[in-house]
Amino acid sequence: MRRGLSLLKAFRPGFSVLTNGALAELSGLAPSTVSRMTGALVEAGLLRQLPGSRGYAPTAACISLGFAAFQALASPRQKVLARMEEAAERHNVSVSLAAPDGDDMVYVDTFRRARRETLMRIAPGVRIPMTYTALGTAALACMPADARAAHIAHLVARHTGDRAALRAQIAQGVQHHQEQGWCQASWVADVVGVARAVHLPAQGILSFNCAGSSAQMSASKIERKVVPLLFELTELATAADETTR
């Protein structure tokens with residue numbers, strides 16, 4: 001089952017049709033394993049093979065599964081979406097809600113500026129790496145100590161760069177979140193992300209993030225506007241979670 005999920009996660013914007021070879025590369029699974037799993041997923045109705053092609057694509061059944069998971073977050077989303085949109089508009093930054101999944105953070109909702117200052121709402125389901133991101137560091141900070149240590153060890157082991165530097169960076173961000181309630185990271189050039197996560201009994205870990213260019217995210221703005229907003233969003237989500245229990 002876990003390997004089947006690894007294959008399904010490989011399908012994302014820009015990768016909507018994939019061959020067994022591409023799935024093996026993206027998932028890190030052996031080609032023989034991928035071949036067996038795609039056959040099983042086709043039989044289960046979660047993948048279909050395109051006629052006259054070696055490529056596979058998800059079926060409508062995956063939409064139903066995703067929608068069910070999305071609906072499970074209905075309560076906190078109803079509390080925070082209007083405030084997220086208003087904050088993105090007022091402060092000229094992106095404001096996002098995401099949840100951890102394996103090595104990635106999955107966007108649940110995000111409002112951000114596009115060209116000509118048009119506010120866009122990006123579709124849910126987009127994945128970004130947990131490594132080096134404020135969203136991911138905040139989520140790690142909210143995990144139980146044993147689970148966090150195991151997850152960090154896994155991320156560091158898979159990293160192809162300076163592992164000691166990565167471990168130190170994660171540790172610094174986690175400590176800052178635990179002491180100050182938020183963390184900061186910049187995994188894309190000239191983009192600063194500030195995040196705060198919360199562990200909700202009914203929903204699991206949710207991370208809120210504000211991001212913008214270094215010019216938009218000055219230290220003063222982060223302290224006076226962004227951090228208070230992140231605390232407000234987690235408080236709204238916590239209150240919504242309490243009403244569902």
Side-chain angles (χ1 to χ4, degrees), residues 12-14 70 73 76-77 79-143 155 165-166 169-199 204-237:
R12 60 189 73 185
F70 196 58
L73 294 169
R77 289 181 64 249
K79 289 288 187 180
V80 302
L81 282 185
R83 184 69 179 98
M84 288 172 61
E85 183 175 13
E86 185 272 335
E89 180 77 39
R90 174 181 296 184
H91 302 312
N92 196 30
V93 296
S94 71
V95 182
S96 305
L97 166 62
D101 180 48
D103 296 348
D104 297 329
M105 297 298 295
V106 180
Y107 281 118
V108 179
D109 286 287
T110 180
F111 296 91
R112 63 182 60 183
R113 291 288 184 178
R115 293 181 179 178
R116 299 182 181 178
E117 298 304 302
T118 301
L119 191 65
M120 295 179 62
R121 182 176 176 185
I122 308 300
V126 175
R127 308 175 74 91
I128 63 169
M130 180 176 283
T131 309
Y132 287 125
T133 62
L135 277 168
T137 302
L140 287 168
C142 286
M143 293 180 182
L155 292 172
L166 174 60
Q169 179 172 327
I170 293 175
Q172 182 179 10
V174 167
Q175 181 179 358
H176 193 280
H177 191 285
Q178 291 177 335
E179 294 177 352
Q180 305 295 326
W182 60 278
C183 59
Q184 179 176 330
S186 180
W187 74 288
V188 176
D190 196 42
V191 175
V192 176
V194 179
R196 172 173 166 80
V198 61
H199 189 284
I205 295 174
L206 296 179
S207 288
F208 290 91
N209 180 76
C210 288
S213 68
S214 55
Q216 294 170 317
M217 298 285 284
S218 66
S220 175
K221 183 175 183 177
I222 290 172
E223 180 182 357
R224 293 185 297 107
K225 298 179 179 180
V226 171
V227 171
L229 170 65
L230 293 173
F231 273 81
E232 178 187 351
L233 291 173
T234 54
E235 288 168 4
L236 289 170

**Q** With His199, which residues qualify under ring pair (Phe, Tyr, Trp, His ring centres under 6.0 Å), at least two apart?
**A** none

**Q** Can you measure from CG (Leu155) to CE (Met130) and round to the nearest 0.5 angstrom?
**A** 6.5 Å

**Q** List for me each residue that meets salt bridge (Lys or Arg N to Asp or Glu O under 4.0 Å) alongside Asp101, sequence neighbours excluded, and say none if there are none.
**A**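 Asp101 satisfies salt bridge (Lys or Arg N to Asp or Glu O under 4.0 Å) with Lys9, Arg127 only.
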
**Q** Supply the atom-to-atom distance Glu86 CD to His91 NE2, rounded to the nearest 0.5 angstrom.
**A**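 Nearest 0.5 Å value for the CD-NE2 distance: 6.5 Å.
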
**Q** Can you give me the closest heavy-atom contact between Leu81 and Phe111, atom names plus distance?
**A** O-CE1, 3.8 Å

**Q** Of the non-hydrogen atoms in Val226 and Cys210, which two are nearest, and what is the gap between them?
**A** CG1-CB, 3.6 Å

**Q** With heavy-atom distances below 4.5 Å as the criterion, would you say the side chains of Leu73 and Asp109 are in contact?
**A** no

**Q** If I compare all heavy atoms of Ala134 with all of Cys183, which pair ends up nearest, and what's the gap?
**A** O-SG, 3.5 Å

**Q** Return the minimal non-hydrogen interatomic distance between Val192 and Gln184, and the atom names on each side.
**A** CG1-NE2, 3.5 Å

**Q** For a 4.5 angstrom cut-off between non-hydrogen side-chain atoms, does Val198 reach Glu235?
**A** no

**Q** Side chains of residues 170-182: which donor-acceptor partners sit under 3.5 Å, not counting sequence neighbours?
**A**
{"from": "Gln175", "atom 1": "NE2", "to": "Glu179", "atom 2": "OE2", "distance (Å)": "3.0"}
{"from": "His176", "atom 1": "ND1", "to": "Trp182", "atom 2": "O", "distance (Å)": "2.7"}
{"from": "His177", "atom 1": "NE2", "to": "Ala197", "atom 2": "N", "distance (Å)": "3.1"}

**Q** Might you point out which heavy atoms bring Val93 and Ala211 nearest each other, and give the distance in Å?
**A**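 Minimum heavy-atom contact is CB-O, 3.4 Å.
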
**Q** Taking only residues two or more places apart in sequence, or in another chain, which ones meet Ala98 in a side chain to side chain contact (heavy atoms under 4.5 Å, CB included)?
**A**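 Testing Ala98 for side chain to side chain contact (heavy atoms under 4.5 Å, CB included), a comparison that skips the adjacent residues, returns Met105, Tyr107, Leu135.
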
**Q** Start with the C-alpha gap between Arg83 and Leu229, add the side-chain angles, then the distance that decides, and say whether side-chain contact (heavy atoms from CB on, under 4.5 Å) holds.
**A** CA-CA 9 Å; Arg83 184 69 179 98; Leu229 170 65; 3.8 Å; yes

**Q** Return the set of residues passing salt bridge (Lys or Arg N to Asp or Glu O under 4.0 Å) with Glu223 (not counting sequence neighbours), or none when no residue passes.
**A** none

**Q** Out of the candidates Thr110, Asn209, Leu233, only one should pair with Val95 under the side-chain contact (heavy atoms from CB on, under 4.5 Å) rule; please name it.
**A** Leu233

**Q** Nearest 0.5 Å, please: how far is CE in Met84 from OG in Ser94?
**A**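 Reported value, rounded in 0.5 Å steps: 9.0 Å.
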
**Q** On a heavy-atom basis, which atom in Ile205 and which in Pro100 lie closest, and how many Å separate them?
**A** O-CD, 3.3 Å

**Q** Working to the nearest 0.5 Å, report the span between OG1 of Thr131 and CG of Asp104.
**A** 8.5 Å

**Q** CZ/Arg90 to NZ/Lys225 distance, rounded to the nearest 0.5 angstrom?
**A**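 Result: 8.5 Å between the selected atoms.
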
**Q** Tell me, please, which residues at least two apart from Ser213 pass side chain to side chain contact (heavy atoms under 4.5 Å, CB included).
**A**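 Per chain and number, Ser213 pairs via side chain to side chain contact (heavy atoms under 4.5 Å, CB included) with Asp190, Ala215, Gln216.
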
